[in-house]
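For the single chain, residues carry numbers from 1 onward in sequence order. These numbers come from a predicted model, not from an experiment.
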Amino acid sequence: MIGDALRTMRTITPRTNSDDLILDKAELLWLEKTLGPRIAVYDHGGHLGNLGDRQQVADMLDMLGGHWAGGAR
């Protein structure tokens, strides 16, 4: 199942927003449960609406550099 694969693939560190238009609450909860601290969920931004935000860019660079501590700041 996809959930099993996502749980074991430690290189997957997705980012999303709590008000993303393409994810409903149940899907977001499933992602958070499946990925744990590897997913960053920001408070606002819709679908890619805060992509240029300084904190999100810093988090993305940390993720790409393998230094992600987990959780959105």
Quiz item: Can you find a heavy atom in the side chain of Gln56 that is under 4.5 Å from one in the side chain of Asn17?
Solution: yes
Quiz item: Out of curiosity, does Met60 fall in the hydrophobic cluster containing Ile39 (side-chain heavy atoms, cut-off under 4.5 Å, transitive links)?
Solution: no
Exercise. Tell me, please, which residues at least two apart from Asp4 pass salt bridge (charged side-chain N to carboxylate O under 4.0 Å, His left out).
Key: Arg7
Practice problem: Given side-chain contact (heavy atoms from CB on, under 4.5 Å), test Leu31 with Leu23 step by step and report yes or no. | Solution: CA-CA 10 Å; Leu31 285 171; Leu23 291 175; 4.0 Å; yes
Self-check item: Donor on one side chain, acceptor on other, Asp53 and Tyr42, under 3.5 Å
Solution: no
Practice problem: Group every Ile, Leu, Val, Met, Phe, Trp and Tyr by side-chain heavy-atom contacts under 4.5 Å, then state whether Ile12 and Ile2 land in the same group. | Solution: yes
Quiz item: Would you say Leu29 and Leu35 are hydrophobically clustered, going by side-chain heavy atoms of ILVMFWY under 4.5 Å?
Solution: no
Practice problem: Any side-chain hydrogen bond (donor to acceptor under 3.5 Å, both in side chains) involving residues 18-31? Give me the pairs, sequence neighbours left out, ordered by first then second residue. | Solution: Thr16-Asp20, Asp20-His47
Exercise. Indicate yes or no for a side-chain donor-acceptor contact from Asp62 to the backbone of His67 under 3.5 Å, with no hydrogens or angles considered.
Key: no
Practice problem: Hydrophobic side-chain clustering at under 4.5 Å (ILVMFWY, transitive links): who's grouped with Leu61? Put none if nobody. | Solution: Val57
